[in-house]
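Working notes, beginning with the structure itself.
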Amino acid sequence: AVLIDRTCRTGSWKKISTIDVSHATLGILGLGAIGKNVAKRAQGFDMNVLDYDVFWDEAYAAEHHIPTVGISNHVWDREIPGASDWYAPQDFDHILAIRRQIPSDLHGVRLLIGAETEFAGGKIALTRAHRDELDYVLVPHSHIHMVGLVLPRDRVTDRQVADYLVESFLDLVSRNFATAIAHPFSPVGRTPENVKAITDCISDDAFAHCFSAAREHRAAIELNGSCFAREWNNPDLMRGHERMFSIARDCGVTFTLGS
């Protein structure tokens, strides 16, 4: 829609082919105000809507016939050393506590229990045994604001950070662990201008290699609106996101939505 709007404003009325979403499956990460409105509009296209949210709105899911809801929170396993002070209290028992709070009568809604863990220092902060107890796992590779924990201290320049993002993405998807890669190639903690400078260092071929690997290993790709909210009204800054996700689409990956 953004591309069509931009093309029309330049005076061009060339037909642009779009993807038919009728009867497709849409995953929504977060059932807040935006997620609820997306779900409502998706039903107009007869889409199968799957959702997850930390705060599950049972009444809304039942009223709007959302058949599957997922609940997740951050986790760092006690068995994996290196947790930060913020992560330390969020162990697997923290995730199990969510499961214990689920009512017995879900009014026909299928409930999934998942988690978002961390990929830091070449290790995933969740054991495979605990992963297998969950319905899905989200794993980011771009929490580079945690220098020393996620981003190596010797990766300083835009090119070095870009190379790290490519290397860590390929390493992560090759482990056949993540259900979805959270906010891929969105370097957390950087300005919009620096985000573009970093992603501009990644070639189309490198993105295609990464997303083809994600498809091969069945790791979905998250579209997280909060990662480019500041760039939304700046076409120059948005082009980097459009380029990346267009390549991901052409590679045939599965997408999920996050907020």
Side-chain angles (χ1 to χ4, degrees), residues 1-3 6-7 29 82 84 116-125 138-259:
V2 174
L3 178 60
R6 187 174 300 158
T7 303
L29 307 185
S84 65
E116 178 177 331
T117 189
E118 191 61 70
F119 186 54
K123 62 189 176 186
I124 298 173
L138 311 173
V139 188
H141 73 118
S142 54
H143 282 164
I144 65 167
H145 61 297
M146 294 188 282
V147 177
L149 182 64
V150 174
L151 181 69
R153 295 188 183 279
D154 61 352
R155 302 295 185 103
V156 178
T157 67
D158 293 341
R159 167 61 67 183
Q160 290 170 335
V161 173
D163 289 345
Y164 168 78
L165 290 174
V166 171
E167 294 162 9
S168 60
F169 183 95
L170 290 169
D171 186 3
L172 177 55
V173 298
S174 71
R175 300 185 186 212
N176 296 312
F177 193 98
T179 310
I181 309 301
H183 46 77
F185 299 101
S186 294
V188 175
R190 301 300 180 96
T191 66
E193 292 76 16
N194 188 226
V195 168
K196 184 176 184 301
I198 291 170
T199 55
D200 280 351
C201 293
I202 303 175
S203 68
D204 289 0
D205 287 344
F207 274 135
H209 180 49
C210 287
F211 293 128
S212 294
R215 182 199 63 224
E216 177 185 348
H217 292 280
R218 298 184 179 181
I221 299 301
E222 181 190 65
L223 290 164
N224 193 312
S226 62
C227 290
F228 45 83
R230 293 176 297 174
E231 297 103 305
W232 191 253
N233 292 318
N234 188 321
D236 289 336
L237 295 179
M238 279 299 297
R239 286 193 187 98
H241 298 291
E242 293 172 1
R243 176 173 71 95
M244 177 180 70
F245 287 120
S246 293
I247 294 170
R249 176 200 61 199
D250 294 343
C251 289
V253 302
T254 298
F255 289 103
T256 61
L257 291 178
S259 62

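Listed by first then second residue, pairs satisfying side-chain hydrogen bond (donor to acceptor under 3.5 Å, both in side chains) with a partner in residues 205-218 read Asn176-His217, not counting sequence neighbours. Within the structure, side-chain hydrogen bond (donor to acceptor under 3.5 Å, both in side chains) contacts touching residues 163-174 (residues at least two apart or in different chains) are His141-Ser168, Arg155-Glu167, Asp171-Arg175.
Applying the side chain to side chain contact (heavy atoms under 4.5 Å, CB included) criterion to Ala178, with sequence neighbours excluded, gives Val139, Ile181. Considering only residues two or more places apart in sequence or on other chains, Asp154 meets the salt bridge (Lys or Arg N to Asp or Glu O under 4.0 Å) condition with none of them. For Arg190, there are no salt bridge (Lys or Arg N to Asp or Glu O under 4.0 Å) partners, not counting sequence neighbours. With sequence neighbours excluded, the residues that form a side chain to side chain contact (heavy atoms under 4.5 Å, CB included) with Thr254 are Ala220. Partners of Asp200 under the salt bridge (Lys or Arg N to Asp or Glu O under 4.0 Å) rule, at least two apart in sequence or in another chain, are Lys196. Remark: Asn233 pairs with no residue by the side chain to side chain contact (heavy atoms under 4.5 Å, CB included) rule, at least two apart or across chains. Here Arg230 pairs with nothing under the salt bridge (Lys or Arg N to Asp or Glu O under 4.0 Å) rule; sequence neighbours left out. Residues that satisfy the side chain to side chain contact (heavy atoms under 4.5 Å, CB included) test with Thr157, not counting sequence neighbours, are Arg159, Gln160. Judged as a ring-ring contact (aromatic ring centres under 6.0 Å, His included), and not counting sequence neighbours, the contacts of His183 are His143.
Remark: the backbone N or O of Pro184 is not paired with any side-chain donor or acceptor of Ser142 at under 3.5 angstrom.
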Audit row: Phe207, Val166, side-chain contact (heavy atoms from CB on, under 4.5 Å) steps and yes/no:
CA-CA 8 Å; Phe207 274 135; Val166 171; over 6 Å; no
Could you please spell out the steps behind the side-chain contact (heavy atoms from CB on, under 4.5 Å) verdict for Thr256 and Ile221?
CA-CA 6 Å; Thr256 61; Ile221 299 301; over 6 Å; no
Would you sort out whether Ile124 and Glu118 count as a side-chain contact (heavy atoms from CB on, under 4.5 Å), showing the intermediate values?
CA-CA 6 Å; Ile124 298 173; Glu118 191 61 70; over 6 Å; no
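Residues Phe255 and Glu222 have side chains not in contact (no heavy-atom distance under 4.5 Å, counting atoms from C-beta outward). By the 4.5 Å heavy-atom criterion applied to side chains, Asn224 and Ser186 are not counted as neighbours.
A distance of 13.0 Å separates OG1 of Thr199 from CZ of Arg239, quoted to the nearest 0.5 Å. Between Met244 atom CE and Leu223 atom CG the span is 8.0 Å, to the nearest 0.5 Å. In this structure, the separation between CD on Glu231 and CG on Asn234 is 8.0 Å, given to the nearest 0.5 Å. Atom-to-atom distance recorded for Leu237:CG and Glu193:CD is 5.5 Å, nearest 0.5 angstrom. Rounded to the nearest 0.5 Å, atoms CG (Leu138) and OG1 (Thr117) are 10.0 Å apart. Rounding to the nearest 0.5 Å gives a distance of 5.0 Å between CZ of Phe211 and CZ of Phe185.
Here the closest non-hydrogen pair linking Leu170 and Cys210 is CD2-CA, 3.8 Å. For the residue pair Ile198 and Ala162, the shortest heavy atom distance occurs at O-CB, 3.4 Å. Shown here for Arg243 and Ser203, the closest heavy-atom pair between the two residues is NH1-C, 3.7 Å. Across every non-hydrogen atom of Gly189 and His145, the tightest pair is CA-CB, 4.3 Å. Considering all non-hydrogen atoms of both residues, Val161 and Val156 come closest at CG2-O, 4.2 Å. In this structure, Gly82 and Leu149 approach most closely via the heavy-atom pair O-CD1, 3.5 Å.
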